[in-house]
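These notes are about the structure you will find just below.
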Amino acid sequence: MLTAFARAFRTPDLRKKLLFTLGIIVVYRVGTHIPIPGVDYRNVQTCIDNAQANQGLFGLVNMFSGGALLQITIFALGIMPYITASIILQLLTVVIPRLEALKKEGQAGTAKITQYTRYLTIALAILQGTGLVATARSGALFTGCPVASQIVPDQSIFVTITMVITMTAGTAAVMWLGELITDRGIGNGMSILMFISIAATFPSALWAIKQEGSLAGGWIEFGTVILVGFAMVGLVVFVEQAQRRIPVQYAKRMIGRRSYGGTSTYIPLKVNQAGVIPVIFASSLLYIPALIAQFAGGTSGWKTWIEQHFVKGDHPYYIATYFLLIVFFAFFYVAISFNPEEVADNMKKYGGFIPGIRAGRPTAEYLSYVLNRITWPGSLYLGLIALVPTMALAGFGANQNFPFGGTSILIIVGVGLETVKQIESQLQQRNYEGFLR
């Protein structure tokens, strides 16, 4: 693999793409450390150093922003508004005929949907930026910090609007940097930035485990966490590469003097067809009751019950609800993203059929049957990946947003595999030995 990297850097055009991608990554990481106007940086660092700073409700979003959210920098919102906008547009494509028609138009339709995604990203950035500024002004961003209410000394309307505009512009800049990587670099730009954001939180989280450990100065806990992380990565790689290949045969057709068709191919149905989206949906949904309880005043019974059962990730109620939501969203997302009837109609239109299955409705029923069968192990796998690290690492002082949790592992492994495959394909075009042997 290192030899392949060396050969990639010796190739002029590939070297330019790699260096350009690395340059964009450096710019992105620099932006995550530049505070926005109106924020008292010393008070922010005081609250971050507090033991409870990284255990709040914003831990997941902070992880996706590479630690920039809690530092309230210009890239505080990170890539999350774009991810949310992309998921919303993908879901709306199923229910809005206009978007579904655009999706079928090819390149022009995809460009139009991308433009809508950008507009929605800016709108979500304004909304989330306003919420973040309001939370920082009220002192609820850092629970238990004595100077949390002094993070924004000047709470005038002008300063508030300036902070929101700055964070919205930062989100637009992050979106632009991601598109630059996609156009002129290696891999999908948004995925690369998400990968970098999550990977940036690894060193501090691992070192916190070592410092909080008690066996051999914390090194035993540190080593155990590393081994658990490698085991989880290996499991994710194994399952993410697994797929059910349904054979498809196309009949021969004579058009004039030419013969068309007669080829064999397959429909790849991945075991984890939904990817990381069910985990993100379940995590976001479980944050809603805890967020409502945090901003609710008084000491009512329902608030106390939520704080006891749905704030800490190691409570049985939280674990059971989290697991069931992941399974539900896995089936839900697969149902809206893969349409067996549409696939069967397209196969029938071009003369394709599955050996032993009649074309048309029987094919759609067979595809639906197979998809349901492989979605069950895929959804259970997602639930285990999301929960096993939480339960196993709880004894070492890790919280529910530890980087070796399900969401971060799935994203890092998925982006890493996709990027390696892209570099490998470009190396193979030049008769070089690739990464995967």
Side-chain angles (χ1 to χ4, degrees), residues 79-107 109-121 123-124 188 190-191 194 239-240 242-246 248 267-288 321-349 354 360-383 385-386 406-407 410-411 414 418:
I79 202 69
M80 279 301 290
Y82 184 85
I83 297 173
T84 307
S86 300
I87 294 175
I88 291 175
L89 261 297
Q90 194 169 3
L91 296 177
L92 291 179
T93 302
V94 183
V95 297
I96 298 180
R98 170 60 178 166
L99 293 178
E100 187 176 1
L102 286 175
K103 186 178 179 181
K104 295 179 180 179
E105 289 181 3
Q107 179 102 22
T110 303
K112 198 68 176 177
I113 293 178
T114 302
Q115 193 69 17
Y116 292 156
T117 306
R118 293 171 183 163
Y119 294 149
L120 184 57
T121 300
L124 290 175
N188 182 279
M190 303 303 175
S191 300
M194 193 189 309
V239 178
E240 289 296 319
Q243 58 181 223
R244 170 72 182 274
R245 297 182 176 182
I246 299 179
V248 177
I267 301 175
L269 297 179
K270 297 181 63 176
V271 173
N272 182 22
Q273 190 82 5
V276 73
I277 291 180
V279 180
I280 296 177
F281 278 5
S283 302
S284 303
L285 197 61
L286 276 179
Y287 276 126
I288 294 176
T321 306
Y322 193 25
F323 184 83
L324 293 176
L325 284 175
I326 290 175
V327 174
F328 168 75
F329 281 122
F331 278 91
F332 173 76
Y333 186 78
V334 169
I336 66 173
S337 62
F338 186 89
N339 190 348
E341 288 81 8
E342 183 179 351
V343 175
D345 291 341
N346 291 334
M347 290 171 54
K348 185 177 180 180
K349 184 186 302 183
I354 300 175
R361 185 173 181 181
T363 299
E365 293 176 350
Y366 176 75
L367 290 175
S368 179
Y369 170 76
V370 173
L371 194 63
N372 288 332
R373 290 284 299 272
I374 67 174
T375 302
W376 270 113
S379 61
L380 297 178
Y381 145 80
L382 281 176
I385 286 293
T407 309
L410 289 170
I411 292 175
E418 188 64 29

Gap between atom [atom2] of [Y] and atom [atom1] of [X] - 0.5 Å precision:
{"X": "I88", "Y": "T117", "atom1": "CD1", "atom2": "OG1", "value": "10.0 Å"}
{"X": "I277", "Y": "L410", "atom1": "CD1", "atom2": "CG", "value": "11.5 Å"}
{"X": "L89", "Y": "K103", "atom1": "CG", "atom2": "NZ", "value": "11.0 Å"}
{"X": "T84", "Y": "L120", "atom1": "OG1", "atom2": "CG", "value": "8.5 Å"}
{"X": "T321", "Y": "L325", "atom1": "OG1", "atom2": "CG", "value": "6.5 Å"}
{"X": "I87", "Y": "L92", "atom1": "CD1", "atom2": "CG", "value": "12.0 Å"}

Residues that [X] engages under side-chain hydrogen bond (donor to acceptor under 3.5 Å, both in side chains), provided they are two or more places apart:
{"X": "E105", "value": "none"}
{"X": "T93", "value": "none"}
{"X": "Q115", "value": "R118, Y119"}
{"X": "R245", "value": "Q243"}

Could you report the tightest heavy-atom contact between [X] and [Y], atom names first, then the distance?
{"X": "F331", "Y": "N372", "answer": "CE2-O, 4.2 Å"}
{"X": "L99", "Y": "I113", "answer": "O-CD1, 3.9 Å"}
{"X": "A330", "Y": "A274", "answer": "O-CB, 4.1 Å"}
{"X": "G383", "Y": "I326", "answer": "N-CG2, 3.8 Å"}

Any side-chain heavy atom of [X] sitting closer than 4.5 Å to one from [Y]?
{"X": "Y322", "Y": "V279", "result": "yes"}
{"X": "I267", "Y": "R244", "result": "no"}
{"X": "V343", "Y": "N346", "result": "no"}
{"X": "N188", "Y": "E418", "result": "no"}
{"X": "K348", "Y": "T363", "result": "no"}

Does any pair with a residue in [range] pass salt bridge (Lys or Arg N to Asp or Glu O under 4.0 Å), and if so which ones, sequence neighbours excluded?
{"range": "residues 85-96", "result": "none"}
{"range": "residues 360-370", "result": "R361-E365"}
{"range": "residues 268-280", "result": "E240-K270"}
{"range": "residues 85-98", "result": "none"}

| message | So, using salt bridge (Lys or Arg N to Asp or Glu O under 4.0 Å) as the criterion, who are the partners of E342 when residues are at least two apart? | response | none
All side-chain contact (heavy atoms from CB on, under 4.5 Å) counterparts of [X], not counting sequence neighbours:
{"X": "F332", "answer": "L91, F329, I336"}
{"X": "D345", "answer": "none"}
{"X": "V271", "answer": "V239, A242"}

| query | Could you walk me through whether Y82 and L124 pass the side-chain contact (heavy atoms from CB on, under 4.5 Å) check? | reply | CA-CA 8 Å; Y82 184 85; L124 290 175; over 6 Å; no
| message | Run the side-chain contact (heavy atoms from CB on, under 4.5 Å) test on V327 and L324 for me, step by step, so that the C-alpha distance in whole Å, both residues' side-chain angles and the decisive distance to 0.1 Å come before the verdict. | response | CA-CA 5 Å; V327 174; L324 293 176; 5.7 Å; no
| task | Under the side-chain hydrogen bond (donor to acceptor under 3.5 Å, both in side chains) rule, what do Y333 and Q90 come out as? Steps first, then yes or no, please. | result | CA-CA 10 Å; Y333 186 78; Q90 194 169 3; 2.5 Å; yes
| message | Please evaluate residues T110 and L102 with respect to the criterion side-chain contact (heavy atoms from CB on, under 4.5 Å), reporting the C-alpha separation (whole Å), side-chain torsions for both, the decisive distance (0.1 Å), and the verdict. | response | CA-CA 7 Å; T110 303; L102 286 175; over 6 Å; no
